[in-house]
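Each remark here refers to the structure printed beneath this line.
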2 protein chains.
Amino acid sequence: MATLNDVAKVAKVSISTVSRVVSGSDLISKATVERVKRAMDEVNYHPNAVAKSLANNMRTKILGLVLPRDTYGVYHNQFFMDAMSGITKCAQERGYYIMNAYQGKENNHTSIRDMIKSGWIDGAILTTVEDDDQNVKYLEQKDVPYALIGTTANGKHAISVDNDNIKAMDDVCQMLIDKGLRRLALICGDRKFIYNKHRYTGYENALDRNGISVDDDLIVVCEDDFMHGYNAMKKLSNMHIDAVVTTDDILAFGAIQYMNERNSNIPITGFNNTMIAETFCPHLTSVDIMAEKLGYEACRMLIDRLENGQFDDKRMKQVETMIVHRKSTESIGSL
Amino acid sequence: MATLNDVAKVAKVSISTVSRVVSGSDLISKATVERVKRAMDEVNYHPNAVAKSLANNMRTKILGLVLPRDTYGVYHNQFFMDAMSGITKCAQERGYYIMNAYQGKENNHTSIRDMIKSGWIDGAILTTVEDDDQNVKYLEQKDVPYALIGTTANGKHAISVDNDNIKAMDDVCQMLIDKGLRRLALICGDRKFIYNKHRYTGYENALDRNGISVDDDLIVVCEDDFMHGYNAMKKLSNMHIDAVVTTDDILAFGAIQYMNERNSNIPITGFNNTMIAETFCPHLTSVDIMAEKLGYEACRMLIDRLENGQFDDKRMKQVETMIVHRKSTESIGSL
DNA sequence: GTGAAAGCGCTAACAA
DNA sequence: TTGTTAGCGCTTTCAC
């Protein structure tokens with residue numbers, strides 16, 4: 001690998017001159033810039049990032065990315081892959097690299113702490129946060145800048161990016177109400193997750209605004225999986241309802257399964273716009289939570305903070321969601 | 001951040017002594033080792049990886065991980081997340097870090113070339129390889145060690161890890177034949193993918209060995225998606241068959257959908273053991289391709305090569321698959 | 001056993 | 001406009 005020195009020799013200038021050309025300084029004559037550039041081509045020079053970092057007060061332009069130790073469910077895999085894509089897209093634009101770490105204290109997976117101790121990273125992005133999160137605690141303590149996706153930050157230096165889940169569910173309900181459907185059932189996942197709590201609120205808001213009373217018999221709260229969706233639908237099946245909204249595609253799939261078995265067919269919606277929602281019948285109307293955008297924005301805000309050097313303010317950004325309309329809300333039926 | 005110097009001052013030794021203690025040299029008296037260790041604790045010393053790399057002839061112990069530009073389908077997300085998990089697990093054990101890159105030449109995603117040029121990585125792991133792959137070409141040309149997952153390597157220095165797809169499908173068929181099912185239909189994905197070609201061969205092998213003639217009318221080759229699985233099953237529906245084997249869960253799901261609509265019910269198997277295979281009805285018997293293990297082994301072999309410095313031999317390792325038995329092959333029916 | 005000193009490739013004063 | 005020089009934190013000869 002060619003170094004500054006090699007270029008300097010060929011161009012017959014000092015290494016600082018070459019360094020200046022590389023960093024695009026404008027206090028250099030056109031002539032030498034030309035000469036140096038030709039020399040760089042000749043020896044095939046590429047700046048060495050390791051040496052640069054050492055000289056630059058240890059700024060590596062590498063960010064640590066925290067992923068979940070276990071993936072749980074289809075949606076989650078897709079979410080993390082999409083978020084990663086957005087993150088690296090932004091990182092690439094800003095000249096940063098992403099290094100992978102995993103949540104949790106087990107020592108059989110790379111952790112963000114190791115990266116910080118060894119000085120590899122300038123900051124961290126968390127895609128997954130536990131209650132009383134150890135990583136957050138550590139990052140705060142070490143004053144390492146970080147950004148969170150999908151969770152309200154509790155750390156005092158946190159940057160976070162999330163959907164407006166209240167509005168998202170409100171929009172879904174309004175869309176159905178606009179079709180003339182008024183008796184909306186809700187299948188809601190575990191409310192220990194903030195997003196489920198917010199989606200629940202969104203449902204209430206939409207009904208209230210439209211003068212529809214919230215009927216507790218039309219609401220089932222359960223765990224976030226297929227069978228619970230199925231059972232929830234079973235419970236709802238003897239109610240008079242016009243449509244079903246759910247807080248997760250997987251719940252919707254369970255509910256659809258039950259309806260299919262009964263040859264019944266009510267408009268239904270999901271959340272997360274998983275790939276199965278595109279392929280399985282009936283094609284499910286679902287809310288796209290824009291995972292890629294969430295990742296992109298988290299990364300962008302973190303880099304902004306790193307480069308502006310303001311570590312004191314807490315910031316929170318909301319990313320718009322989008323309803324993807326499919327067949328499951330086209331036909332209008334009633335149980 | 002504390003440096004060697006800080007420790008040296010506290011312990012009242014030279015920095016080379018501290019360096020020796022850190023690297024576990026044994027030519028040092030017990031007494032000083034003790035003293036230095038206490039000093040390290042006192043100032044909370046952690047070796048700086050950037051400086052270490054610079055001094056160590058640019059070995060960073062970072063590996064580049066190439067991911068697909070677009071994820072396509074549920075299975076794929078799960079595959080990559082699992083492979084990543086295995087990779088980082090191994091990397092952690094060996095003291096390496098993983099940096100993310102993306103396939104393809106578009107400049108809106110970090111590429112492996114940038115990482116190599118800037119000197120960040122010691123080697124690369126490719127989870128996805130295109131025909132006439134640009135990354136492989138570049139890695140070969142630059143003599144950067146690399147490992148491939150799930151594809152036969154064509155590069156002369158390549159290390160690769162893959163399933164034995166011939167045997168995997170052979171096992172599936174044998175399992176069904178052992179249940180007394182002899183007229184096995186095959187729904188096979190696009191044979192431009194080597195794994196599909198191999199699974200096809202495995203099907204033929206099993207039938208041959210059991211003295212069952214391969215009937216072309218029982219074989220449908222199609223693209224790897226839900227609708228093609230559905231249509232394939234439609235074609236097969238007027239045949240006399242005992243069971244259906246497929247090369248991908250998604251094909252099986254399509255086929256099941258068709259059967260459900262007809263209230264028919266034949267034993268069926270998938271491939272990839274996706275999470276949907278666990279949740280959707282009927283619970284699908286599927287081949288687990290051990291994505292995490294594939295990732296782990298690729299990483300292990302790459303690091304072995306990096307540390308042994310042998311760059312000349314081509315190596316290929318096969319990872320065992322496993323049939324996950326579920327309800328879809330319990331009931332024995334016939335169309 | 002331990003220390004002094006050179007050097008890894010680069011940046012950033014300070015001089016000229 | 002350009003060159004000289006002193007580090008960044010660590011490893012590694014080479015002396016003692």
Can you build the contact string for nucleotides 9-16 of chain D? Use B for base contact, S for sugar-phosphate-only contact, and - for no protein heavy atom under 4.0 Å. BBBBB---
Can you sort out the partners of B:R300 under side chain to side chain contact (heavy atoms under 4.5 Å, CB included), two or more places apart, ordered by chain and number? B:C90, B:R94, B:Y296, B:E297, B:D304, B:K317
When you measure from the side chain of A:N163 to the backbone N and O of A:I289, does any donor-acceptor pair fall under 3.5 Å? yes
Can you name the nearest heavy-atom pair linking B:N44 to B:A2, along with the distance? O-CB, 4.1 Å
In residues 26-44 of chain B, which residues come under 4.0 Å of DNA chain C by heavy atom? B:L27, B:I28, B:S29, B:T32
A:S160 (side chain) donor-acceptor with A:L148 (main chain) under 3.5 angstrom: no
Within less than 4.0 Å of OP1 or OP2 of C:dT2, is there a side-chain N or O belonging to B:T17? no
Flag, side chain of A:D122 to backbone of A:L63, donor-acceptor distance under 3.5 Å: no
Could you check whether B:S16 and B:S19, counting side-chain N and O atoms only, form a donor-acceptor pair closer than 3.5 Å? no
Side-chain donor or acceptor of B:S85 paired with backbone N/O of B:M81 under 3.5 Å: no
Which atom pairs, one a donor and one an acceptor, fall under 3.5 Å between side chains of residues 30-40 of chain B and the rest of the protein, sequence neighbours left out?
unit_1: B:T32; atom_1: OG1; unit_2: B:S29; atom_2: O; d: 2.9
unit_1: B:T32; atom_1: OG1; unit_2: B:S29; atom_2: OG; d: 2.7
unit_1: B:R35; atom_1: NH1; unit_2: B:A11; atom_2: O; d: 2.5

Is a side-chain donor or acceptor of A:T127 paired with a backbone partner of A:V66 at a separation under 3.5 angstrom? yes
Students should find that the end-to-end axis angle of the helix from C:dG1-D:dC16 to C:dA16-D:dT1, with five pairs defining each axis and rounding to 10 degrees, is 40°
Side chain to side chain contact (heavy atoms under 4.5 Å, CB included) partners of A:K52, counting only residues at least two apart: A:N56
